[in-house]
Amino acid sequence: MQYSPEISGAAYAKVNPVQKVPAVEHEGKVVTECAAICLYLADAFPQADLAPPADARADYYRWILIAAGPREQATMMQALGAEAAPDRSAMAGFGDCQRTLDTLLGAVPERGYVTGAKFTAADVYVGAQLVWGVQFGSIQAIPPLEAYPGRTQSRRGFIRANELDDAAGTEYEALYRKHPRVHEDTDNSEACIAAITADIAGVSAMGVG
C-alpha cells in the first residue's frame, strides 16, 4: 500500500472509509484500528498464545484500551498545542495529558510484561506506544522504558516483523525514486496508480516484497 495515491483512492475507501492504515482483511472480515487488530488477531490465531485466558483479561483489555484511547488522544492534543486548561480538563475525554502518561507508565513492569509473566497482544500495543513516544519526544526516556521495550524487542517475532518492514521500506523507496510525483498527485487517477502497479509486481516477483 502506497500512501498516495492508493490510500486516498476510492478502492481503499471501500476497505476503510477513514482512509488510514492499518487495515486487515481476514476470512472476509475487515478490521481497522491498531488496538482492534491486535485484539482480533490474538483471538483469531489462538495457537500464537497472545491473549490471556478469558477469565484473566481485565488488565489485558484495560491497558490496550487506555493506550489506544486516553493516551493517544492526549498525545495528539499535546502535539497540536491544544491541551485543555486545568479547569476544563474534565471536558476532555482523556482528562489530563500528564495524568494519562503517568497512568500508562504505571503499567510498565519491572520484570515480565503488562499482564504478567507472559508476552501478550497488550505488549504489542502498549510497547509500541511507549517506544514511539520516546522516539518522537512525547515521553521522556527513563530507565523502566529501556528495560521493558528491550524485552519486547528481543523476541523473534519482533525481529522478523522488522525484517519485513525493512524489506517493504526498501521497495517503497525504490518506487518513490522512480516515481517521485506519487506523493504530489492528488487526483488519484487510474494512470497514476497504474504507473506504480507494474513496478510493485516486478519488485515483489524478485522476492523483495
Side-chain angles (χ1 to χ4, degrees), residues 1 7 12 15-16 18 20-76 93-94 100-136 138-139 141-172 204 207-209:
M1 173 62 63
I7 199 170
Y12 187 67
V15 177
N16 186 0
V18 179
K20 66 174 188 173
V21 292
V24 170
E25 184 174 350
H26 176 244
E27 295 186 346
K29 300 178 179 68
V30 173
V31 186
T32 64
E33 306 308 315
C34 294
I37 289 170
C38 288
L39 291 168
Y40 176 85
L41 292 179
D43 285 344
F45 297 93
Q47 66 273 23
D49 199 22
L50 288 175
D55 61 352
R57 293 191 180 184
D59 284 346
Y60 174 72
Y61 290 132
R62 179 191 182 196
W63 292 117
I64 287 180
L65 297 178
I66 282 179
R71 180 55 199 163
E72 187 164 321
Q73 293 173 32
T75 300
M76 182 56 64
F94 58 85
T100 64
L101 176 57
D102 292 342
T103 300
L104 189 61
L105 291 178
V108 178
E110 292 184 6
R111 299 180 180 83
Y113 300 98
V114 168
T115 63
K118 289 181 61 177
F119 179 91
T120 69
D123 297 287
V124 174
Y125 195 85
V126 173
Q129 280 270 10
L130 295 173
V131 169
W132 185 92
V134 171
Q135 182 178 353
F136 288 94
S138 63
I139 299 177
I142 56 177
L145 295 183
E146 296 175 1
Y148 170 64
R151 292 194 293 276
T152 65
Q153 294 178 358
S154 63
R155 300 179 68 257
R156 183 172 58 86
F158 180 89
I159 294 170
R160 176 56 180 154
N162 263 1
E163 291 173 348
L164 293 171
D165 280 348
D166 288 344
T170 298
E171 176 183 335
Y172 184 83
S204 297
V208 177

What pair of heavy atoms forms the shortest contact from [X] to [Y], and how long is it?
X      : Y      : answer
Arg71  : Leu104 : CG-CD2, 3.7 Å
Tyr113 : Ala117 : CD1-O, 3.4 Å
Leu145 : Ile139 : CD1-CG2, 3.5 Å
Pro149 : Val131 : CB-CG2, 3.7 Å
Cys38  : Val124 : SG-CG1, 3.9 Å
Tyr148 : Gly112 : CD1-O, 4.1 Å

Do [X] and [Y] touch side chain to side chain, with heavy atoms closer than 4.5 Å?
X      : Y      : value
Thr103 : Ile66  : yes
Leu50  : Leu41  : no
Asp49  : Phe119 : no
Tyr125 : Leu39  : no

Tell me whether the count of non-hydrogen atoms from other residues, nucleotides or ligands lying under 6.0 Å of CD in Glu110 goes above 12.
no
Could you measure the distance from the [atom1] atom of [X] to the [atom2] atom of [Y]? Nearest 0.5 Å is fine.
X      : Y      : atom1 : atom2 : answer
Gln129 : Ile64  : CD    : CD1   : 11.0 Å
Arg151 : Phe158 : CZ    : CZ    : 14.0 Å
Arg160 : Asp165 : CZ    : CG    : 10.5 Å
Met76  : Ser138 : CE    : OG    : 10.0 Å
Thr32  : Lys20  : OG1   : NZ    : 7.5 Å
Leu164 : Ile159 : CG    : CD1   : 12.5 Å

Check this for me: does any side-chain nitrogen of one of Asp43 and Lys29 sit under 4.0 Å from a carboxylate oxygen of the other?
no
Report yes or no: does Asp123 contribute a side-chain atom to a donor-acceptor pair with the main-chain N or O of Thr120 at less than 3.5 Å?
yes
For the pair Leu105 and Leu130, evaluate side-chain contact (heavy atoms from CB on, under 4.5 Å) and give the outcome as yes or no after the intermediate values.
CA-CA 9 Å; Leu105 291 178; Leu130 295 173; 4.1 Å; yes
So which pairs with a foot in residues 41-63 pass ring pair (Phe, Tyr, Trp, His ring centres under 6.0 Å), sequence neighbours left out?
His26-Phe45
